[in-house]
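All remarks here apply to the structure that follows.
These values consider heavy atoms only, across backbone and side chains, with no hydrogens, waters or symmetry-generated copies. In the text below, chain A, chain B and the rest are named by the order of the sequence lines, each starting its count at 1.
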Amino acid sequence: MKTPAERHRDAILRAVRAIPRGQVAGYGEVARRAGLPGRARLAAKVLSGNEDAKLPWHRVLRSDGRIAFPMGSPEHDEQVQRLRAEGVIVEGGRVRGQRPAADLDTLVWGPPD
DNA sequence: AAGCTGACCCCGG
DNA sequence: ACCGGGGCCAGCT
């Protein structure tokens with residue numbers, strides 16, 4: 001039988017695979033969608049140990065829209081390449097044109113001009 | 001058993 | 001933009 005940790009891992013992987021091509025999501029967002037609110041760190045952990053070449057790990061970003069890997073690292077460049085290949089605009093290690101998630105102010109006051 | 005270590009996140013100053 | 005502090009927790013020393 002599966003341990004809780006294994007089930008959590010599977011849930012996270014499902015959530016990542018569910019991100020449509022050309023779109024992005026934050027680690028925390030992925031965790032929430034997997035039914036694990038507050039477990040952003042676990043989402044990152046799962047991705048770090050992932051072996052599946054089919055997994056669209058490059059669609060997962062930090063909540064501020066920036067790529068998690070440091071600028072100049074091989075992983076960072078790889079992620080930028082993959083994102084651009086799907087039409088996602090990346091500038092200065094940051095994804096443009098998409099909000100990873102709406103913040104409270106935006107929900108209450110509406111989007112800024 | 002007790003610390004450390006992360007592809008993190010949110011709030012405040 | 002930068003820094004600190006608290007949360008989160010599986011896997012390794």
(request) Encode nucleotides 6-13 of chain B as B, S and - characters from 5' to 3', where the letter depends on protein heavy atoms closer than 4.0 Å: B to the base, S only to sugar-phosphate, - to neither. (result) BBBSS---

(request) To the nearest 0.5 Å, tell me how far H8(A) NE2 sits from L13(A) CG. (result) 13.0 Å

(request) Please round to the nearest 0.5 Å and tell me the distance separating atom CG of L42(A) and atom OH of Y27(A). (result)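 Separation between the atoms: 13.0 Å.
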
Taking [Y]'s backbone N and O only, do any of them form a donor-acceptor pair with [X]'s side chain (distance below 3.5 Å, no angle check)?
| X | Y | answer |
| --- | --- | --- |
| R59(A) | I19(A) | yes |
| H76(A) | F69(A) | yes |
| E29(A) | G26(A) | yes |

(message) With a 4.0 Å cut-off on N to O distance, would you call R82(A) and E86(A) a salt bridge?
(response)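 Between E86(A) and R82(A) there is no salt bridge, as every charged N stays at least 4.0 Å from the carboxylate O atoms.
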
What integer distance in Å separates [X]:[atom1] from [N]:[atom2]?
| X | N | atom1 | atom2 | answer |
| --- | --- | --- | --- | --- |
| H8(A) | dC8(C) | NE2 | P | 14 Å |
| L36(A) | dC8(C) | CG | P | 14 Å |
| R7(A) | dA10(C) | CZ | P | 12 Å |

(request) Have a look at V60(A) and tell me which of L47(A), I12(A), V24(A), I67(A) forms a side-chain contact (heavy atoms from CB on, under 4.5 Å) with it. (result) L47(A)

(request) Ignoring backbone atoms, test whether R39(A) places a side-chain nitrogen or oxygen under 4.0 Å from the OP1 or OP2 oxygen of dA10(C). (result) yes

(message) Between R96(A) and V90(A), is there a side-chain heavy-atom distance shorter than 4.5 Å?
(response) no

(message) Between dG6(B) and dC8(C), how far apart are the two C1' atoms, rounded to whole Å?
(response)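 That atom pair is separated by 12 Å.
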
(request) Could you measure between the two P atoms, the one in dG5(C) and the one in dA7(B), and give it in whole Å? (result)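 Going atom to atom, P in each nucleotide, I get 22 Å.
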
(request) Report the stems of DNA chain B as range-with-range entries sorted by first number; a stem here is at least three consecutive pairs, Watson-Crick or G-U wobble, both distances under 3.5 Å, and write none if there are none. (result) B:2-6 with C:9-13, B:8-13 with C:2-7

